[in-house]
Amino acid sequence: AKAWNKLVDAQDLLADVGPLVAAKDWPGIVEFLNQDEFAKIEENLLILINGPVLNTDDKKVIGTRKRYGVAADVIYGVGGVKGAISN
């Protein structure tokens, strides 16, 4: 339940990044994405995937970094934004 709650928290926090993007506050966006909800997003997704709650089909749809799915999109999206800002 804790991993699920952290993922929901990350989703809720996304509403707060809009003003940083509008202001082109690149360091602020990186700092925002360094919050635990985003920094540990892969860990929380893996806990969810490896847990007993989801059925096999749900796990396949969500996926992981190695098995593409929604989780990979999220993981690569967070990392991609941080990487793009750093360059």
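Hydrogens, waters and symmetry mates are skipped; everything else that's a heavy atom, side chains included, is used. Sequential numbering from 1 along the given sequence is applied to the chain's residues.
Distance check: Ile62 CD1 to Leu46 CG gives 11.0 Å after rounding to the nearest 0.5 Å. Rounding to the nearest 0.5 angstrom, the gap separating the NZ atom in Lys60 from the CG atom in Asn55 is 10.0 Å. Atom CG of Asp9 sits about 11.0 Å away from atom CH2 of Trp4, to the nearest 0.5 Å. Ile41 CD1 to Phe38 CZ: the interatomic distance, rounded to the nearest 0.5 Å, is 6.5 Å.
By the side chain to side chain contact (heavy atoms under 4.5 Å, CB included) test, Gln11 is found to be paired with no residue, residues two or more places apart in sequence or in another chain being considered. Partners of Asn34 by side-chain hydrogen bond (donor to acceptor under 3.5 Å, both in side chains), not counting sequence neighbours, listed by chain and number: Lys82.
Residue Glu31 qualifies as open at atom CD: its count of foreign heavy atoms under 6.0 Å is 12 or below.
Between Val78 and Leu33, the closest heavy-atom pair is O-CD1, 4.1 Å. A pairwise comparison of heavy atoms in Phe32 and Asp16 identifies CE1-CB, 3.9 Å as the closest pair.
Under the 4.5 Å side-chain contact rule for hydrophobic residues, Val61 and Ile47 do not share a cluster.
One N or O on the side chain of Lys59 and one on the backbone of Ile49 form a donor-acceptor pair closer than 3.5 Å.
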